[in-house]
Amino acid sequence: MYRYLEERLAQHVLEFLRQRYPGATLPHVAIEQPPNVELGDFAIPVFPFAKPLRTAPLKIAEAIRAEIGPVEGIAEMQVAPPGYLNVRIDRAWVAAELARDKKPAADIPVGKILVEHTSINPNKAAHIGHLRNAVLGDTFVRLLRYAGREVDIQNYIDNTGVQVADVVVGFTHIEKKSRAEIKALAGQPRFDYYCWDLYARVSHWYEQDKQNLQARHETLHAIEDASSETAAIAELISTAVLRRHLETMDRLDIEYDFLPRESEILQLHFWDAAFTKLKDSGVLSFETEGKNKGCWVMRRAGTTSITEIIEDTGNAEESEKISEEDQKVIVRSNSTVGYVGKDIAYHMWKFGLLGRDFGYRKFYRYPNQHDCWISATEGEKNHPHFGGVAEIYNVIDARQSEAQSTVIEALRGLGHNEAADHYTHFSYEMVALTPRCAAELGYKLSEEDKTRSYIEVSGRKGFGVKADDLLDQLIASAKSEVDSRHPQLDDAERLAIATQIAIGALRYFMLKFTKQSVIAFDFKEALSFEGETGPYAQYAVVRATSIFKKAALDPDTFCRDGANNLSSTAEFAQYLKGGSANEIWELWLSAAKTAYIVDQCTAATEPAYIAKHAFQLAQLFNTFYHRHPILSEPDERRKQFLLATVAVVRRELIRTLEVMGITVPPVM
RNA sequence: GGGCGCGUAGCUCAAUUGGAUAGAGCACCGGAUUUCUAAUCCGGCGGUUGCAGGUUCGAUUCCUGCCGCGCCUACCA
């Protein structure tokens with residue numbers, strides 16, 4: 001509702017200025033929010049118009065105020081020095097629309113979106129860094145879907161890379177286990193934990209004797225031959241670990257539609273198809289000398305091209321060399337293709353530009369009967385259509401931004417500018433550990449490390465906090481709180497509530513920081529259920545629900561009926577009028593902003609805004625709740641109004657939390 | 001060396017993308033409950049936005065130069 005009003009206001013102001021000052025080129029009408037609600041609900045800075053209109057800001061503001069005429073949903077405008085036009089919303093009108101849950105039509109762009117997230121190497125347990133990725137990705141999917149977009153979720157599985165090879169080496173060379181023995185282990189409950197430790201041992205084993213690295217090379221090579229025993233072991237391990245990852249993420253309500261695997265990208269020769277096109281278009285060049293002799297290379301993204309400069313000056317010198325340091329090796333001199341090359345092929349497929357497709361088979365069924373598909377060389381006949389989408393978002397950490405840019409540049413070089421423009425690297429920073437947290441986990445820290453604000457986790461060293469461990473701790477911690485607060489409930493019920501709280505705390509924690517901020521993980525903060533946390537917001541909803549429970553009313557139907565009971569917008573006006581109602585109005589205003597905030601999140605690829613919104617709404621509600629006794633309100637009409645307020649806020653808060661993947665327990 | 005990013009209260013982070021008095025949480029101190037009310041609420045304490053210039057009506061935000069920190073910069077993925 002807020003978003004709708006903002007758009008209309010901007011439109012009207014622009015139209016007005018066009019008519020009032022014909023011929024002038026007008027800048028974009030920016031609409032902001034005044035520092036506090038007393039000033040108004042929208043603020044339009046008029047400064048940018050002063051120059052083009054050759055008129056003082058205050059005069060322009062006054063002209064708009066006096067002459068624009070009525071705008072639906074807008075009550076009044078005020079000119080504020082040094083050059084703001086403050087706009088007040090028609091409170092009663094908005095409240096009535098909101099109570100009836102009227103959703104103004106919005107333009108929804110057509111075309112399917114593909115979001116890739118999680119993409120954990122299937123060789124060890126997921127850790128907190130992976131959790132941040134999955135929660136960001138899953139929340140972004142929910143944001144897009146809230147905005148009405150159609151979204152496919154993919155989780156890329158690098159099952160033939162060095163990391164999987166290393167764990168295979170661990171089993172075959174260090175533990176000297178047979179395929180049957182590995183298979184038995186892979187059936188154990190937390191096989192990914194076993195691999196976590198083994199992976200760290202393998203890294204250590206390599207360090208002890210560089211000769212041991214030979215095993216890695218042999219294994220890596222053997223995995224590429226799908227018919228080998230080594231490949232079968234790798235497949236066994238990676239599939240079992242992948243299943244564990246899906247289970248872990250399912251605990252947080254994170255699901256996927258499709259799992260494309262590197263093994264199929266190899267076996268279905270995606271690269272060959274891409275390679276031909278890349279050579280033909282001149283994106284790749286063959287090096288005949290220097291350190292990259294015998295390799296097919298690409299210009300590193302972000303480096304300036306000499307050929308471009310030559311084109312500018314009109315000099316027709318052909319195929320100018322890329323300086324060695326600007327070269328990115330795509331195909332090695334032994335003719336194997338590197339990771340970026342495979343990624344280029346994969347992304348051509350995403351946009352439907354490769355001319356090849358995966359086979360598909362069902363892999364994992366979620367408790368809600370939703371199927372997750374996996375790539376296969378020979379798949380099932382009937383399967384959904386994946387790939388060939390209009391837009392993509394890759395949730396991949398900031399360290400890979402150069403590789404991502406290289407893939408985008410490759411698409412551009414192939415002439416697919418449209419695709420390149422709709423390719424978004426959803427970049428985020430890592431989760432590190434505070435020195436205190438690292439010490440708690442029993443790691444010895446150097447003096448230098450102790451002075452750092454954070455220390456990077458390392459799967460290679462087995463240094464980090466596992467996702468399932470963290471969840472277990474959160475649940476246990478929430479459980480003891482629920483146990484003491486609600487001893488009358490049976491244990492299963494208390495556990496279910498504790499689980500909801502734990503997930504709320506975890507998902508909120510991962511979302512409250514903006515993407516580019518490194519999270520310095522600390523158990524104390526992550527395990528907190530007070531202040532700016534998920535449980536704080538959940539608790540606000542529980543409070544709202546309990547009011548309705550006591551009143552023997554259903555909050556979900558009350559909005560509509562309650563709005564009707566109040567019978568007219570005039571009634572809303574009575575209770576929202578004037579400065580004394582500012583506080584309650586602020587609550588309504590915040591509740592009206594959900595779609596507006598979702599818009600900002602998708603436009604800026606920043607889910608943190610929705611977390612802030614949930615917190616703000618909860619905070620305003622808690623203040624309201626504290627100041628206004630509702631059920632004991634003697635004035636029956638006012639009581640209805642207060643109940644409507646609670647119902648609307650409750651509904652919007654539930655929606656907001658749902659977008660973050662957070663559900664609300666019945667009691668807390 | 002080059003590329004990307006960061007530097008804001010004691011700590012962890014925001015700041016509507018250039019706007020009005022830089023805000024939250026934690027921590028600390030002091031208060032609030034006969035109620036739908038404590039996983040809560042109210043108050044207090046806390047700032048030269050790393051430093052120095054520049055751009056303009058206006059800078060935490062943009063530009064330049066320093067200082068400090070992180071990541072990337074493999075024929076690894």
Side-chain angles (χ1 to χ4, degrees), chain A residues 30-36 39 43 45 47-48 50-51 57 80-84 86 121 158 160-165 216 220 262 287 291-297 300-303 325-334 336 338-340 342-343 397-403 405 427 429-430 432 434 452-454 456 478 481-482 485 501 505 512-514 516-520 522 524-525 528-533 535-536 538-540 542-551 596-597 600 603-604 608-609 612 615-616 619 622-623 625-633 642 646 668:
Chain A
I31 299 201
E32 296 161 2
Q33 292 165 45
N36 65 65
L39 291 171
F47 313 104
K51 231 175 215 171
Y84 292 97
N86 289 331
N121 275 303
D158 179 6
T160 58
V162 174
Q163 294 210 21
V164 168
R216 172 193 272 177
L220 204 48
E262 189 165 270
E287 285 301 299
K291 77 173 174 130
N292 293 330
K293 184 179 177 183
C295 298
W296 287 89
V297 303
R300 198 180 288 288
T303 61
E325 58 179 23
D326 289 348
Q327 290 173 9
K328 175 77 195 165
V329 172
I330 304 298
V331 183
R332 303 177 191 113
S333 56
N334 66 0
T336 57
Y339 142 87
V340 176
K342 289 173 220 167
D343 225 25
D397 81 77
R399 286 171 289 198
Q400 294 197 45
S401 65
E402 194 179 283
S405 303
S427 168
E429 270 295 347
M430 61 188 169
T434 62
R452 294 177 195 272
S453 57
Y454 58 81
E456 196 175 347
E481 288 291 327
V482 177
R485 285 162 207 252
I501 292 169
K512 70 190 277 194
F513 306 93
T514 52
Q516 74 276 9
S517 149
V518 176
I519 297 181
D522 186 8
K524 190 170 158 257
E525 248 189 282
S528 167
F529 299 145
E530 287 165 22
E532 196 192 337
T533 65
Y536 177 92
Q538 290 172 313
Y539 186 62
V542 168
R543 284 178 142 183
T545 306
S546 77
I547 293 174
F548 280 92
K549 235 183 247 170
K550 271 264 161 66
Y596 170 79
I597 303 289
Q600 295 197 323
Y609 300 153
K612 283 279 176 292
F615 179 62
Q616 198 209 358
Q619 204 173 32
N622 275 331
T623 306
Y625 184 80
H626 185 254
R627 292 202 187 150
H628 302 278
I630 293 157
L631 295 179
S632 58
E633 168 62 44
L642 293 175
V646 176
M668 279 180 75

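In this text, all values refer to a predicted model and were calculated from it rather than measured experimentally. So you know, we letter chains A, B, ... as the sequences are listed, proteins then strands, and number each from 1.
Both distances falling under 3.5 Å, in either a Watson-Crick or a G-U wobble arrangement, occur for no nucleotide opposite B:U37. Pairing partner, B:G46: none, since no Watson-Crick or wobble contact has both distances short of 3.5 Å. Nucleotide B:G1 has B:U73 as its partner under the Watson-Crick or G-U criteria, with both atom distances under 3.5 Å. In this structure, B:C26 forms a base pair with B:G10, meeting either the Watson-Crick or the G-U wobble geometry with both donor-acceptor distances under 3.5 Å. Pairing for B:G58 is absent, with no Watson-Crick or G-U wobble pair whose two atom distances lie under 3.5 Å.
Distances were taken from every side-chain heavy atom of A:Met668 (C-beta onward) to each of B:A39, B:C75, B:C42; the shortest belongs to B:A39. When the nucleotides B:G70, B:A38, B:A20 are ranked by their closest atom to the side chain of A:Met430, B:G70 comes out on top. Side-chain atoms of A:Lys524 lie closest to B:C26 of the nucleotides B:U73, B:A20, B:C26. Minimum atom distance to the side chain of A:Lys51 is reached by B:C57, of the listed B:A77, B:U37, B:C57. Between B:A77, B:C13, B:A20, one nucleotide has an atom nearer to the side chain of A:Phe513 than all others, and that is B:C13. Set against B:U12, B:A38, B:C75, the side chain of A:Ser453 has B:U12 as its closest nucleotide.
Among the heavy atoms of the strands lying under 4.0 Å from A:Glu525 are primed sugar atoms or P, OP1, OP2 only; no base atom is included. A:Ala551 comes within 4.0 angstrom of nothing in the nucleic acid, heavy atoms only. No engagement by A:Val646 is indicated, since no non-hydrogen atom pair under 4.0 Å with the nucleic acid exists. Contacts of A:Ser632 with the nucleic acid, taken as non-hydrogen atoms under 4.0 Å apart, are absent. If you check every strand for non-hydrogen atoms under 4.0 Å, A:Gln616 touches nothing. Here A:Lys328 lies out of heavy-atom contact (under 4.0 Å) with every strand. No contact: A:Pro82 has no heavy atom under 4.0 Å from any strand. When heavy atoms are screened at a 4.0 angstrom cut-off, A:Lys612 is found touching the sugar-phosphate backbone but no base atom. Looking at heavy-atom distances under 4.0 Å, A:Ser401 makes no contact with the nucleic acid at all. Among the protein residues, A:Ala50 comes within range of no part of the nucleic acid, since none of its heavy atoms lies under 4.0 Å from any strand. If you check every strand for non-hydrogen atoms under 4.0 Å, A:Phe47 touches a base. Nucleic acid contact class of A:Gln600 (heavy atoms, under 4.0 Å, all strands): sugar-phosphate only. Within the nucleic acid shown, A:Gly338 comes within 4.0 Å of sugar-phosphate atoms alone, with no base atom in reach, counting heavy atoms only. Among the atoms of the strands shown, base atoms are found under 4.0 Å from some heavy atom of A:Ile501.
In this structure, A:Lys512 atom NZ and B:G25 atom C1' are separated by 6 Å, rounded to whole Å. Distance, A:Tyr454 OH to B:C69 P: 12 Å, rounded to whole Å. The distance from atom CZ of A:Arg399 to atom P of B:C6 is 17 Å, rounded to the nearest whole Å. Atom pair A:Tyr539:OH and B:A39:P shows a separation of 5 Å (rounding to whole Å applied). Between A:Ile597 atom CD1 and B:A15 atom P there is a gap of 12 Å when expressed in whole angstrom units. When the P atom of B:U35 is taken as reference, atom CD1 of A:Ile547 falls 15 Å away, rounded to whole Å.
Distances shown here put a side-chain N or O of A:Gln619 below 4.0 Å from the OP1 or OP2 atom of B:G25. Considering only side-chain N and O atoms, A:Tyr625 lies nowhere under 4.0 angstrom from the phosphate OP1 or OP2 of B:U35. Side-chain nitrogen and oxygen atoms of A:Arg543 include none within less than 4.0 Å of the OP1 or OP2 phosphate oxygen of B:U40. Contact check, A:Arg300 against B:G3: no side-chain N or O comes under 4.0 Å of OP1 or OP2. Phosphate contact (OP1/OP2 of B:C42, side-chain N/O of A:Thr623, threshold under 4.0 Å): present. Between A:Arg332 and the phosphate of B:A77, there is a side-chain N or O to OP1/OP2 separation shorter than 4.0 Å.
Across B:A74 and B:G3, the matching P atoms stand 15 Å from one another, rounded to whole Å. When the P atom is compared between B:U34 and B:C29, the two are found 25 Å apart, to the nearest whole Å. Rounded to whole Å, the P atom of B:C62 lies 13 Å from the corresponding atom of B:A15. The same atom, P, is picked in B:U40 and in B:G25; the two are 10 Å apart, to the nearest Å. Taking atom P on both nucleotides, B:C28 is separated from B:C51 by 30 Å, rounded to a whole Å. Look at the C1' atom in both B:U49 and B:U21: the space between them is 15 Å, to the nearest Å. Annotation: B:G44 and B:G5 have their C1' atoms spaced 37 Å apart (nearest Å). When the P atom is used for both B:G50 and B:G10, the distance is 13 Å, rounded to whole Å.
Considering all non-hydrogen atoms of both residues, A:Ser333 and A:Cys295 come closest at N-SG, 3.5 Å. The two residues A:Tyr625 and A:Ser546 have their closest heavy-atom pair at OH-OG, 4.4 Å. Nearest approach of A:Ala520 to A:Ser453, heavy atoms of both residues: CB-O, 4.1 Å. When all heavy atoms are compared, the tightest approach of A:Pro57 to A:Pro82 is CB-O, 4.1 Å.
Neither side chain, A:Tyr539 nor A:Asn622, offers a donor N or O lying under 3.5 Å from an acceptor on the other. Defined by atom type and a distance below 3.5 Å, a donor-acceptor pair is present between the side-chain atoms of A:Asn292 and A:Gln327.
Regarding the sugar-base torsion, B:U17 falls in the syn class, its angle being within 90° of 0.
Between the side chain of A:Ser528 and the backbone N or O of A:Lys524, no donor-acceptor pair lies under 3.5 Å.
Distance check: A:Asn121 CG to A:Glu262 CD gives 9.0 Å after rounding to the nearest 0.5 Å. For the atom pair CZ (A:Phe513) and CD (A:Glu429), the distance works out to 13.0 Å, reported to the nearest 0.5 Å.
At a cut-off of 3.5 angstrom, counting only N and O atoms as typed in the model, there is no donor on one side facing an acceptor on the other between the side-chain of A:Asp343 and the base of B:A77. Put simply, the side chain of A:Tyr609 and the base of B:U17 share a donor and an acceptor less than 3.5 Å apart.
Map A:Gly294 and A:Gln33 each onto its nearest nucleotide of RNA chain B; the residue landing nearer the 5' end is A:Gln33.
The aromatic ring of A:Tyr536 is not stacked on the base of B:A39, since the criterion of ring centres less than 5.5 Å apart with planes inclined by under 30° is not met.
By the 4.0 Å N-to-carboxylate-O rule, A:Arg399 lies close enough to A:Asp397 to be salt-bridged with it.
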